[in-house]
Protein chains: 2
Amino acid sequence: MREAATAESRPYHHGDLRRALVDAARRILENEGPSALSLRAVAREAGVSPAAPYHHFKDKGELLDAVAHLGWDALGEAMTAAKARAADVSALMTEIGVAYVLFAQQHPALYRVMYDCSRDQESLPEGMEDKEDSAYCLVRESFRKMVGPEISDEDVELATIAAWCAAHGLAEMSGFRQFDPAKAALGGEEAFLRSVLSHLGMFPAAARAKIDGQG
Amino acid sequence: MREAATAESRPYHHGDLRRALVDAARRILENEGPSALSLRAVAREAGVSPAAPYHHFKDKGELLDAVAHLGWDALGEAMTAAKARAADVSALMTEIGVAYVLFAQQHPALYRVMYDCSRDQESLPEGMEDKEDSAYCLVRESFRKMVGPEISDEDVELATIAAWCAAHGLAEMSGFRQFDPAKAALGGEEAFLRSVLSHLGMFPAAARAKIDGQG
DNA sequence: AAGATCATCTTGACGGCGTTTAGATAGGGT
DNA sequence: ACCCTATCTAAACGCCGTCAAGATGATCTT
């Protein structure tokens, strides 16, 4: 059963089964959705027995973590690309936000897994953490560049959190039929996203205006 | 097995099993979390056979829908109460938003089920739809009252959507450990929520300021 | 080259799940 | 008293995640 396996087709027993399993999981996720993503289905898709994955992952959750990790990497790249695309500093945040939501819309099953894993661990994964070169820092520094140096570090931090929450909320809710009229009125998905993101400011801005005006 | 069942303990075969099942589901949800919420466990908790629920619900999803419905009712009440509590018009939205997120934090398993059901049906449930007396209208009209009549209907609609997305995003993400430093710096969960909600305005407001300043 | 070693994979099993079918049971209508 | 229908139970099906035991084959030692 082992013919000519020097370094390509199957370097070891099976080959790089770990990677094969993660790829199989992503394939199932894209083709059949999250509800079809069972460990047994992944093993089937990879052509191994149901118990084989346990030699590479502690349990199903660890396999999903690996899938989610690839997803966060891809999302980070999409956001970085959006930053590079931004025409000027004032468009930075909108560009990144739209890229975030579009990624979630284009890979809904993957995005679901990404967030379910994060929620279970109560934290964003490695690539998104608050350290050099992370997407979190990308957002924060883009934001700081936009608002200027007169804003305090604490305000920048809170605004970064707020922007991330808003993007996630919009990513999860933008599929609701309730928003179809608004989308139609604006003439497209991306126009709708831009409008909603830009209207995120109206509520507190108006409140502050009233407060400032009063006291 | 049927002793003295006139109209109270068990009016029919079992009694009002439908309600009993929904109650059992909520009990399991609060005590053991969403992962323990199997149809069989619900039947067990209600003291009936695993097949009994199928005479009251088409499948597990329909039972979850019923549970979710109660959840949305409770959330709507919490939001209405928050509106009544608001000191003045400018505090309306913040008060409602904080109430929304606090509800999600206090009933995390229930909130998860509520949203999973909504996502499956791609829409918010009855009580939240865009019609008289719904929570959606509550938010929109509160918002209109706050910003004044000079804002167009379309802008109010988009801002309502944006506020709802932001609240949902914050509700789902506020448990992340990444935000612990910010919470500590602000001295409490609710203060953190208020700050994040109020900072939702910084990003687009700053962008618009730059755009207005340039063009 | 031969044997030991160890990671890798398969087989088979366990209990739990959602769901269906067939049969028991008990209220209500005639 | 009778049937009828709604309600519930018993038993089974296939799927799931997981584990223990054994087979397989690559690598290492000598």
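Throughout, a chain's letter reflects where its sequence line sits, starting with A, and its residues are numbered from 1.
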d(CZ, B:F57; P, C:dT19) in whole Å:
13 Å
Could you check A:P50 against B:K60 and say which one's nearest nucleotide on DNA chain C is further toward the 5' end?
A:P50
Which part of the nucleic acid does B:R18 contact within heavy-atom distance under 4.0 Å: base, sugar-phosphate only, or nothing?
nothing
Can you tell me if A:H56 touches the phosphate of C:dC9, counting only side-chain N or O atoms and a distance under 4.0 Å to OP1 or OP2?
yes
Check the distance between C:dC9's P and A:L39's CG and give it to me in whole angstrom.
14 Å
Nearest 0.5 Å please: distance from the NE2 atom of A:H199 over to the CD atom of B:E154.
7.5 Å
Rounded to whole Å, how long is the line connecting atom CD1 of A:I28 with atom P of D:dC15?
15 Å
Using whole Å, what does the distance between atom C1' of nucleotide D:dG17 and atom CD of A:E62 come to?
15 Å
Between D:dT18, C:dT10, D:dT7, which one does the side chain of A:D59 approach most closely?
D:dT18
Between A:Y54 and B:A51, just flag the one whose closest nucleotide in DNA chain D comes earlier from the 5' side.
B:A51
B:Y54 side chain near B:L39 side chain, heavy-atom distance below 4.5 Å
yes
Let me know which of B:R27, B:R26, B:R40 forms a salt bridge (charged side-chain N to carboxylate O under 4.0 Å, His left out) with B:E45.
B:R27
Rounded to the nearest angstrom, tell me the gap between atom CG in B:D16 and atom P in D:dT7.
10 Å
Measure the distance from NE2 on B:H55 to P on C:dA26 and round it to the nearest whole Å.
15 Å
Kindly say whether B:A91 contributes a backbone atom to a donor-acceptor pair with the side chain of B:T94 at under 3.5 angstrom?
no
Any side-chain N or O of A:R40 under 4.0 Å from OP1/OP2 of C:dC17?
no
Presence of A:S49 side-chain N/O under 4.0 Å of C:dT11 phosphate oxygens OP1/OP2:
no
